[in-house]
Amino acid sequence: MDTNVILLLLLTPLLGSLINLFFGKKLGNSAGMIATLAVLISFIITIIAFVQVTGTNEPIQANLFNWISTARFDISFGFLLDQLSLLWLLFVTGIGTLIHWYSTSYMKGDENYAKFFGYLNLFIFFMVVLVTGSNLLITFIGWEGVGLCSYLLIGFWHKNQSYNDAAKKAFIMNRIGDLGFLVGVFILAFLFQSLDYMTIKEAILSGTNHQVNTWVGYAALALFIGAVGKSAQIPLYTWLPDAMAGPTPVSALIHAATMVTAGIFLITRLNFVFDLAPQVQNIIAIVGAFTALFAATIGLVQNDIKKVLAYSTVSQLGLMFMAIGFGAYEIAVFHVITHAFFKACLFLGSGSVIHAMGGEQDMRKMGGLQPFMKITYATFLIATLAISGFPLMSGFFSKDEILLTAFNHNIILYAIGSLASVMTAFYMFRLFFLTFKKGFRGTQEQKNHLHESPASMTTPLIILATLSIFGGLISLPNGYSWLNEYLKPVIVNTVTAHGHDLGVLEYSLMGVATIGFLIGLGLAFNKYIQKSEVPQEDEQIIGFHKVLYNKYYIDEIYQKAIVNPIYNLATFLRDVVEVALSGTIFGLGKIADGLSLQGKKAQNGNIGLYLFAFVFGICLILYYLFIAR
């Protein structure tokens, strides 16, 4: 029975993908509904498994077959549904279903409609593999699979070369991180003769070998590098903003439910490994905090509606990594969940705006959309309040727990995280005001076509906005935290931000967070509502504003310091070394060809000549063996 549950969970989106890729053109618009139904079935199966595991407190396991076997090393092709994987699957398949449903209208009329849903289903399949694998090698299959699907979907409109470049950038930068992942896998395999999560966990919890602990630290650092690539942290974050080249539903899927959460999942799954490496945890916290602030500063001045949300994702992921660095895995997971709700709502809301604007993404050419798009406006406002930390909404609770944990561990990182949160409130309300308030700044033709999106697009927005309001109830700060209790079997050492009773400190920090939210909101309101300012045109931007607008020129630095030298080396090897080597190799080939031309003259069909050569050869051999020696 357990095996059937896991097989159905895995094969349903895969089957949906294959149907769309091979028979999609014959299905027409039905392709979208088939793909949506496939993910919905996986979501229903996840709920059934969730109820079972919650009731029995025992994970569902299935080892389909023995994959790799040596004298001291066995890897099974196995899958595990425990509290952590099921929690991830709930929002991967749940939000994935909403995004698929939304896409049936958003992508309608696209010449590769069925292929899009085939790729989207395949993305969900590999994400399911990633989070349900019972060992690191199965996880790695899913890890590489989502990387492949991100490449296919980011470059989906491949006739645009810049979109192809963005897809290649995402693929290559993730391969850099994946090298770290593999190094970590090899170290753990060497230490424990296993890659099974439960086996490694038991060995670590029962062992006291300090030499092993040292190597575990190296493994943790290498695995963190893999997580940095997948979850877009400094210095491997630059692929994620460029991933906006793909259709907007793809952006929502990558940012909210799938790919970028994989790094958080990996570290949380291996929490018992990272707990043995406090130095690595310090690095994780520092990288997370600075990524949160760094990305937030860039988000302050971006004018592309999707780029603002992209840098927002990088910043929010930084806060999650900061929590992980403090060992507060359950708090990081809490923010992953709430972030999935409001970020999916924001991206799909931006897609609704872009849909109404005929493809326009520049906020400077929007404004005044509220009367035309009331549902999109209301849901976007709710999601903006949630991500900005408005009191009693989901983002307030999860972000407050991260900042409270930071305050208890490192006051400097707390200050950095708090500053990033103030910036979040500013740039999100900047986006909101520029898009929905004041007068319309687009063309008359665009204004004539402004309209609310169809129900298949607005209904997912309403559901996600509702979750953005109430999602924080799974882990309230005062009283029983369902999430923390639920994750106890998976996380070895839980680090709660506070006890069941809130004191003066906790309420004071909540007050500080609320003041920070009001400051960010007030600055945006003053600038874009009271003063009615509109961001400058590109050619008018000067000074540090220009540095921020150009994202600190990090892409240009990478291009000159890394890409160009590698390209020049490759050019040298091709034009000089390869030419020289090919000349030598072709020269040897010509010599061999000349000798063969002479040698074949002896093959003239004369049997007498052949017998003479045979006898003469035997005589030479006999002379060498018996006379010359």
Side-chain angles (χ1 to χ4, degrees), residues 2-24 27 29-50 60 62 64 77-81 85-104 106-107 112-134 138-154 156 230 246-247 249-262 265 340 344 348 456 460:
D2 289 352
T3 302
N4 292 338
V5 169
I6 289 176
L7 284 175
L8 281 172
L9 182 65
L10 288 165
L11 295 180
T12 305
L14 180 60
L15 181 61
S17 175
L18 294 176
I19 290 173
N20 275 292
L21 290 176
F22 288 102
F23 308 106
L27 295 171
N29 290 335
S30 299
M33 294 312 300
I34 291 172
T36 304
L37 183 62
V39 184
L40 177 60
I41 291 172
S42 290
F43 177 59
I44 293 170
I45 295 169
T46 300
I47 293 174
I48 294 170
F50 175 81
I60 298 173
L64 302 184
F77 201 85
F79 297 89
L80 172 69
L81 293 180
S85 56
L86 284 168
L87 199 63
W88 234 267
L89 285 175
L90 282 172
F91 67 78
V92 168
T93 58
I95 294 177
T97 300
L98 295 176
I99 292 172
H100 276 70
W101 184 15
Y102 176 99
S103 301
T104 57
Y106 190 88
M107 296 299 293
N112 292 310
Y113 182 81
K115 182 187 290 186
F116 174 81
F117 282 99
Y119 290 163
L120 220 57
N121 266 190
L122 194 63
F123 206 151
I124 295 293
F125 165 73
F126 278 119
M127 193 65 194
V128 172
V129 172
L130 191 156
V131 301
T132 59
S134 64
I138 299 294
T139 298
F140 188 68
I141 293 174
W143 190 272
E144 292 302 292
V146 295
L148 168 65
C149 292
S150 69
Y151 169 78
L152 295 172
L153 286 166
I154 293 168
F156 182 74
K230 198 66 73 183
V250 174
S251 303
L253 196 61
I254 290 175
H255 286 249
T258 56
M259 190 164 169
V260 297
T261 69
F265 174 83
L348 296 185
S456 56

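Everything quoted here is computed from the prediction, not taken from an experiment.
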Distance check, rounded to the nearest 0.5 Å: [X] atom [atom1] versus [Y] atom [atom2]?
X    : Y    : atom1 : atom2 : result
L348 : L253 : CG    : CG    : 9.5 Å
I48  : L86  : CD1   : CG    : 12.0 Å
S251 : L153 : OG    : CG    : 10.0 Å
I60  : T3   : CD1   : OG1   : 10.0 Å
L98  : L40  : CG    : CG    : 9.5 Å
I138 : S134 : CD1   : OG    : 6.5 Å

Once side-chain hydrogen bond (donor to acceptor under 3.5 Å, both in side chains) is applied, do any residues pair with [X], and if so which ones, sequence neighbours excluded?
X    : answer
S456 : S105
Y106 : T248
S85  : D82
W101 : none

If every non-hydrogen atom of [X] is compared with every non-hydrogen atom of [Y], which pair is closest and at what distance?
X    : Y    : answer
F43  : L90  : CE1-O, 3.5 Å
F91  : A340 : CD1-CB, 4.2 Å
V92  : I124 : O-CD1, 3.9 Å
S42  : P13  : OG-CD, 3.1 Å
M259 : M127 : N-SD, 4.4 Å
A252 : A344 : CB-O, 4.5 Å

Not counting sequence neighbours, which residues clear side chain to side chain contact (heavy atoms under 4.5 Å, CB included) with [X]? List them please.
X    : result
L15  : I19
A31  : N20, L27, Y113, A114
L18  : L14, F22
F156 : M107, D110, N112, K115, F116, Y119, P247

Let me have the donor-acceptor pairs involving side chains of residues 5-12, under 3.5 Å, with sequence neighbours excluded, atom names and distances please.
unit_1	atom_1	unit_2	atom_2	d
T12	OG1	L8	O	2.5

I'd like to know if the side chain of T97 and the backbone of T93 have a donor-acceptor N/O pair within less than 3.5 Å.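 Pair found, side chain donor or acceptor close to backbone of T93.
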Less than 3.5 Å apart, which donor and acceptor atoms pair up between the side chains of residues 140-150 and the rest of the protein, not counting sequence neighbours?
unit_1	atom_1	unit_2	atom_2	d
W143	NE1	D178	OD1	2.7
E144	OE1	R175	NE	3.4
S150	OG	V146	O	3.4
S150	OG	G147	O	2.7

Walk me through it: do I154 and I254 pass the test side-chain contact (heavy atoms from CB on, under 4.5 Å)? CA-CA 10 Å; I154 293 168; I254 290 175; 4.2 Å; yes
Got a sec, which pairs hit side chain to side chain donor-acceptor pair (under 3.5 Å) with one end in residues 121-133, sequence neighbours left out?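 Listed by first then second residue: H100-N121.
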If the condition is ring-ring contact (aromatic ring centres under 6.0 Å, His included), which residues does F123 pass it with, not counting sequence neighbours?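 Scan of F123 (ring-ring contact (aromatic ring centres under 6.0 Å, His included), adjacent residues dropped) gives none.
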